[in-house]
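Contents: one structure, followed by commentary.
First the proteins, then the strands, lettered A, B, ... as listed; each starts at 1. Scope of the values below: all heavy atoms of this structure, side chains included, with no hydrogens, waters or symmetry mates.
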2 protein chains.
Amino acid sequence: MNTRRADRRADGVRHELEQLILTGDLADGDRLDEVSLAERFGCSRTPLREAFQALAASGLVQLIPHRGAFVRHPAFEELVEMFEVMAELEALCGRLATRRITRPLLAALHETVIACEAAVHDADSDRYYAENERFHMLLYQAGGNRFLADEAARLHRRLKPFRRMQLQVRGRMAQSLDEHRQVLAALERGESEAAADALRNHVAVQGSKFNDLMASYRRSPLVPAAMGRS
Amino acid sequence: MNTRRADRRADGVRHELEQLILTGDLADGDRLDEVSLAERFGCSRTPLREAFQALAASGLVQLIPHRGAFVRHPAFEELVEMFEVMAELEALCGRLATRRITRPLLAALHETVIACEAAVHDADSDRYYAENERFHMLLYQAGGNRFLADEAARLHRRLKPFRRMQLQVRGRMAQSLDEHRQVLAALERGESEAAADALRNHVAVQGSKFNDLMASYRRSPLVPAAMGRS
DNA sequence: AACGCCGAACTTGTATACAAAATAATTGAC
DNA sequence: GTCAATTATTTTGTATACAAGTTCGGCGTT
């Protein structure tokens with residue numbers, strides 16, 4: 001029979017559902033029907049309901065008692081709000097990092113910047129994206145505050161698809177790289193406020209640059225393609 | 001029979017479990033046994049498992065696949081880290097609020113400060129606690145960033161038991177009130193950085209003041225009493 | 001014809017039965 | 001007697017059966 005479609009279990013379901021939402025296969029407001037999704041994934045309702053709860057905690061779906069689970073895509077305003085918070089969390093990471101960063105982490109950050117330069121040179125946005133990811137994750141660690149690192153990573157992850165859109169904008173990659181350089185320079189000089197400001201700006205720019213993408217976003221409220229991986 | 005103990009369902013279970021953890025009836029590292037808790041609450045395993053997931057999302061329990069759910073109380077360091085982040089979130093609220101706050105909200109903030117003064121005068125820590133809560137919630141709203149408000153409220157809620165401990169420290173109430181006044185004054189003058197700094201300090205103080213409580217905390221890692229309500 | 005009430009169909013919420021995995025215990029070998 | 005391996009028990013994960021609530025359609029009334 002054609003049951004080969006599925007067979008994933010547990011948090012496999014969660015991840016798969018998350019992708020369906022993020023890629024836009026499931027539109028804003030869509031009701032997540034337990035039985036149809038269950039047979040689609042080849043599992044029972046139980047793992048699905050657990051996935052719903054996890055996704056609700058992430059803010060991707062809204063759970064209404066006795067009514068069901070509904071896809072919750074962030075409105076444009078909400079995205080701007082999230083970037084506003086993200087900017088501040090990263091700024092805090094930077095401020096703390098100037099005091100707490102270790103030599104190896106600083107060296108690793110250096111490497112990512114060099115790798116980013118190569119990516120920009122090759123106009124390889126995929127690679128730039130990967131290295132940018134690394135840069136930020138390292139920075140979260142460098143803050144020396146595990147809770148902060150977790151929260152930052154959580155929000156970062158939630159904004160991932162939208163950040164990816166940004167890189168498509170002309171010149172954004174090079175600009176981003178330059179901002180990375182400024183952050184790194186501030187860290188090396190130990191200027192905490194400069195580092196914080198550079199990071200706040202680095203992230204906030206993405207939020208404000210969103211106006212440029214607004215039009216396309218409006219008609220297809222989800223990132224259309226190429227963000228389904230990792 | 002003696003089944004009268006329970007009979008609550010669904011998120012009632014979630015809330016009750018949360019209280020058990022917060023009050024310290026369930027100690028750090030305790031395994032949450034599904035069957036025994038099920039009969040304790042007079043329900044089946046299903047609602048319990050859902051509650052586990054919700055609590056895991058809040059960070060109160062750790063979910064290990066095929067092993068079970070374990071109570072996760074924040075270590076002292078982690079608490080300090082959480083206050084560090086909370087301070088920054090509130091600072092951001094304050095900075096934004098100077099630009100965005102509405103007249104009614106400003107008036108409401110005024111009222112809470114007055115109510116706090118009365119509470120301090122009466123040495124009524126319960127009332128002070130309630131009004132302090134109101135002050136901060138209003139502030140989160142005043143930031144004009146709903147996402148930020150939600151996140152701040154979430155963390156605020158998570159730190160609730162520990163903040164409550166603080167008020168027991170001699171003189172803390174009066175000091176806290178004074179800090180509230182400074183925040184409000186900065187907001188009224190529209191000085192965003194002053195407001196941010198005042199709030200950052202107001203919260204950070206709580207984190208650092210924690211050293212004073214460390215000894216007692218060490219031997220009973222949970223807030224011992226009087227924080228189970230609301 | 002429109003509104004409200006009542007009932008059927010469907011959907012979610014909960015309980016239980018079953019399967020798989022992990023832990024504990026027992027047996028056997030060295 | 002100790003250690004390892006295999007079996008037994010316990011516990012989590014999943015599926016299904018059942019209960020309760022919600023939505024939708026029909027019927028009757030005004």
Side-chain angles (χ1 to χ4, degrees), chain A residues 1-21 25-73, chain B residues 1-21 25-73:
Chain A
M1 7 168 30
N2 58 350
T3 323
R4 59 159 304 285
R5 167 69 167 104
D7 210 66
R8 288 95 182 212
R9 291 290 180 286
D11 50 346
V13 168
R14 189 199 100 94
H15 190 259
E16 201 152 345
L17 242 180
E18 185 174 306
Q19 293 300 2
L20 281 179
I21 296 176
D25 287 5
L26 295 170
D28 185 63
D30 279 2
R31 195 176 69 86
L32 298 173
D33 186 56
E34 297 183 357
V35 298
S36 60
L37 283 173
E39 74 179 43
R40 177 170 181 176
F41 287 131
C43 67
S44 78
R45 285 171 50 212
T46 312
L48 269 175
R49 287 178 62 87
E50 300 207 343
F52 288 174
Q53 292 225 349
L55 295 175
S58 307
L60 271 73
V61 317
Q62 185 181 13
L63 237 47
I64 304 179
H66 295 279
R67 297 284 299 274
F70 299 84
V71 178
R72 245 337 244 150
H73 281 142
Chain B
M1 344 174 49
N2 57 350
T3 324
R4 59 159 303 283
R5 166 69 165 105
D7 210 63
R8 288 95 180 213
R9 291 291 180 285
D11 52 346
V13 168
R14 189 200 99 97
H15 189 259
E16 201 153 344
L17 242 182
E18 184 174 307
Q19 293 301 3
L20 281 180
I21 296 175
D25 287 6
L26 295 170
D28 184 62
D30 280 3
R31 195 176 69 86
L32 298 172
D33 186 57
E34 298 182 356
V35 299
S36 61
L37 282 173
E39 73 179 42
R40 178 173 182 174
F41 287 132
C43 68
S44 78
R45 285 170 50 211
T46 311
L48 269 175
R49 288 178 61 88
E50 299 207 343
F52 288 174
Q53 290 224 349
L55 294 175
S58 308
L60 271 73
V61 316
Q62 186 180 12
L63 236 48
I64 304 179
H66 295 280
R67 296 284 298 274
F70 298 84
V71 177
R72 248 333 245 153
H73 282 139

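When every heavy atom of A:Val71 is checked against every heavy atom of A:Ala27, the shortest pair comes out as CB-O, 3.3 Å. Summarising the geometry of B:Ala57 relative to A:Ala57, their closest heavy-atom pair is CB-CB, 3.4 Å, with the distance given to 0.1 Å.
The side chain to side chain contact (heavy atoms under 4.5 Å, CB included) test applied to B:Gln53 returns A:Glu50, A:Gln53, A:Ala54, B:Leu63, not counting sequence neighbours. For A:Arg31, the salt bridge (Lys or Arg N to Asp or Glu O under 4.0 Å) criterion is met by A:Asp33, not counting sequence neighbours. By the side chain to side chain contact (heavy atoms under 4.5 Å, CB included) test, A:Glu34 is found to be paired with A:Arg45, A:Arg49, A:Phe52, residues two or more places apart in sequence or in another chain being considered.
When side chains are defined from C-beta on, B:Asp25 does not count as touching B:Gln19, because their heavy atoms never get closer than 4.5 Å. Considering only heavy atoms from C-beta on, A:Leu37 comes within 4.5 Å of A:Arg40 through its side chain. Side-chain contact between A:Leu55 and A:Arg72: absent, with no pair of heavy atoms (C-beta onward) separated by less than 4.5 Å.
Taking CZ from B:Arg14 and OG from B:Ser58, the interatomic distance works out to 5.0 Å, rounded to the nearest 0.5 Å. Taken to the nearest 0.5 Å, the CG atom of B:Leu20 stands 11.0 Å off from the NE2 atom of B:His15.
Axis angle, first five pairs versus last five pairs of the helix from C:dA1-D:dT30 to C:dC30-D:dG1: 10°, rounded to 10°.
Among the protein residues, B:Arg49 comes within range of the nucleic acid bases, having at least one heavy atom under 4.0 Å from a base atom. Contact annotation for B:Glu50: no contact, since no heavy-atom pair falls under 4.0 Å across all strands.
Among C:dT12, D:dA15, D:dT12, the nucleotide with an atom closest to any side-chain atom of A:Pro47 is D:dA15. The nucleotide whose nearest atom lies closest to any side-chain atom of B:Asp33 is, among D:dT11, C:dA22, C:dT11, D:dT11.
Where A:Gly68 and A:Thr46 meet DNA chain C, the nucleotide closest to each residue was compared, and A:Gly68 sits on the side nearer the 5' end.
Each of B:Leu48, B:Leu60, B:Val61 was checked for a side chain to side chain contact (heavy atoms under 4.5 Å, CB included) with B:Leu17, and the lone residue meeting it is B:Leu48.
The interatomic distance linking B:Glu34 (CD) with C:dT14 (C1') rounds to 14 Å, in whole Å. One atom, NE2 of A:His66, and another, P of D:dA20, lie 12 Å apart when rounded to the nearest Å. A:Arg31 has its CZ atom 14 Å from the P atom of D:dT22, to the nearest Å. The CZ atom of A:Arg14 sits 19 Å away from the C1' atom of D:dT14 (whole-angstrom rounding).
Within the structure, a side-chain polar atom (N or O) of A:Arg67 is placed less than 4.0 Å from OP1 or OP2 of D:dT23.
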Distances under 3.5 Å between nitrogen or oxygen atoms of protein and nucleotides 17-19 of chain C:
none

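Listed by residue number, there are no residues of residues 51-64 of chain A with a heavy-atom contact under 4.0 Å to DNA chain D.
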